[in-house]
Amino acid sequence: MTSTPVCLCFLTRPAPDGNREVLLGRKKTGFGTGKIVGPGGHVEPGETAAQAAARETAEESGLVVNVGDLREAASVTFRFPAKPAWDMQVAVFVADRFTGEARETAELAPRWYPIDDLPGRDMWDDNRYWLPQVLAGQRIRAEFVFADDCETVAERRVVAVADAR
């Protein structure tokens with residue numbers, strides 16, 4: 001079975017305290033319900049991963065990001081041996097230019113989180129191994145194999161490719 005092409009988009013902004021924040025949200029429906037995730041979803045036929053990231057971000061958060069403002073930050077493969085239909089190849093983007101105000105949608109309840117204090121316990125287990133690096137400006141390539149519980153990372157390989165800034 002082949003991996004499903006998926007995208008994720010992490011929007012960042014300055015926080016009032018001078019640090020930076022990232023937009024994440026509690027998933028309300030579909031894959032990962034209940035977890036805190038970045039906006040994203042399937043890449044539709046005929047669209048690029050960047051186009052999908054911009055579309056999914058608008059649909060899930062109400063924020064509009066131009067494709068040209070997206071920086072590709074990671075390529076992550078997820079494998080679920082207990083549920084191969086869940087296998088996915090994810091293109092991860094980061095952007096700090098966007099318009100609008102975040103609003104709750106049918107899929108996501110968005111909220112800004114401090115980059116240096118991510119809600120790890122409520123996120124997918126893999127995030128701790130790669131998301132801080134991406135938010136720090138690194139470009140990475142990673143592969144994660146999940147245990148039979150489809151929750152815990154059983155194997156991981158994370159390689160820094162370059163500085164994405």
Side-chain angles (χ1 to χ4, degrees), residues 2-16 19-33 35-79 85-116 118-119 122-124 126-144 157-165:
T2 60
S3 296
T4 302
V6 175
C7 64
L8 283 172
C9 184
F10 295 98
L11 300 180
T12 64
R13 71 178 188 186
N19 291 312
R20 296 198 59 73
E21 298 176 316
V22 61
L23 184 78
L24 302 171
R26 186 151 323 258
K27 188 83 163 103
K28 295 168 58 178
T29 183
F31 186 78
T33 297
K35 294 194 181 299
I36 294 178
V37 299
H42 291 91
V43 178
E44 299 296 337
E47 74 182 346
T48 66
Q51 289 168 333
R55 175 183 53 76
E56 290 281 355
T57 298
E59 290 174 2
E60 294 185 357
S61 74
L63 295 172
V64 176
V65 60
N66 292 322
V67 170
D69 289 328
L70 294 171
R71 294 183 311 278
E72 188 166 359
S75 175
V76 184
T77 302
F78 294 105
R79 303 227 181 274
W86 288 8
D87 290 359
M88 60 187 84
Q89 181 63 46
V90 183
V92 180
F93 298 90
V94 177
D96 56 13
R97 292 180 48 171
F98 52 89
T99 59
E101 291 294 324
R103 61 173 169 73
E104 187 166 338
T105 64
E107 285 191 65
L108 199 68
R111 189 179 136 207
W112 292 98
Y113 291 86
I115 286 176
D116 60 3
L118 298 174
D122 293 328
M123 300 176 81
W124 283 97
D126 62 272
N127 281 281
R128 62 188 165 133
Y129 299 112
W130 65 273
L131 186 55
Q133 292 170 264
V134 163
L135 295 175
Q138 287 186 357
R139 183 178 159 99
I140 65 156
R141 191 173 50 248
E143 181 172 2
F144 295 94
R157 184 175 53 87
V158 179
V159 178
V161 178
D163 190 326
R165 286 180 269 194

>> The criterion is side-chain contact (heavy atoms from CB on, under 4.5 Å); which residues satisfy it with Ala52, sequence neighbours excluded?
In response: Cys7, Val43, Glu47, Arg55
Contact summary for [X] and [Y], nearest pair of heavy atoms:
X	Y	value
Ser3	Arg79	OG-NH1, 3.1 Å
Asp96	Arg20	CB-NH2, 3.6 Å
Phe93	Ala53	CD1-CB, 3.7 Å
Glu21	Pro14	OE1-O, 4.1 Å
Ala54	Val67	CB-CG2, 4.0 Å
Ile36	Met123	O-CG, 3.4 Å

Measure the spacing between [atom1] of [X] and [atom2] of [Y] and express it to the nearest 0.5 Å.
X	Y	atom1	atom2	result
Leu135	Thr12	CG	OG1	7.5 Å
Leu70	Gln51	CG	CD	10.5 Å
Leu63	Leu23	CG	CG	6.0 Å
Asn19	Asp116	CG	CG	5.0 Å
Leu11	Leu24	CG	CG	10.0 Å
Ser61	Arg111	OG	CZ	15.5 Å

> Given the rule in the side chain to side chain contact (heavy atoms under 4.5 Å, CB included) test, do Val94 and Val134 qualify, once you have shown the distances and angles that lead to the verdict?
Replying inline: CA-CA 8 Å; Val94 177; Val134 163; 3.5 Å; yes
> Using a distance-only test with no angle check, is there a side-chain donor-acceptor pair under 3.5 angstrom linking Ser75 and Arg139?
Replying inline: no
>> Is there a side-chain contact between Val37 and Leu108 in this structure, where contact means two heavy atoms from C-beta onward sitting under 4.5 Å apart?
In response: yes
> Are Thr4 and Trp86 close enough that some pair of their side-chain heavy atoms sits under 4.5 Å apart?
Replying inline: no
> Which word best sums up how the rings of Phe144 and Phe78 line up, parallel for under 30°, tilted for 30 to 60°, or perpendicular for over 60°?
Replying inline: parallel
>> Restricting to ring pair (Phe, Tyr, Trp, His ring centres under 6.0 Å), what partner residues turn up for Phe98, sequence neighbours left out?
In response: Trp112
> Which residue pairs satisfy the salt bridge (charged side-chain N to carboxylate O under 4.0 Å, His left out) criterion with at least one member in residues 22-33, sequence neighbours excluded?
Replying inline: Arg26-Asp122, Lys27-Glu107, Lys28-Glu104
> Among Glu143, Gln89, Arg141, which residue meets the side chain to side chain donor-acceptor pair (under 3.5 Å) test with Thr77?
Replying inline: Gln89
> How far apart are the C-alpha atoms of Arg103 and Glu101, what are their side-chain angles, what is the distance that settles it, and do they pass the side chain to side chain contact (heavy atoms under 4.5 Å, CB included) test?
Replying inline: CA-CA 6 Å; Arg103 61 173 169 73; Glu101 291 294 324; over 6 Å; no
> What's the verdict on side chain to side chain contact (heavy atoms under 4.5 Å, CB included) for Phe10 and Leu8, showing C-alpha distance, side-chain angles and the deciding distance?
Replying inline: CA-CA 7 Å; Phe10 295 98; Leu8 283 172; 4.0 Å; yes
>> Would you say the ring centers of Phe31 and Trp124 fall short of 6.0 Å from each other?
In response: yes
> Ile140 and Val159: side chain to side chain contact (heavy atoms under 4.5 Å, CB included), yes or no, with the steps?
Replying inline: CA-CA 6 Å; Ile140 65 156; Val159 178; over 6 Å; no
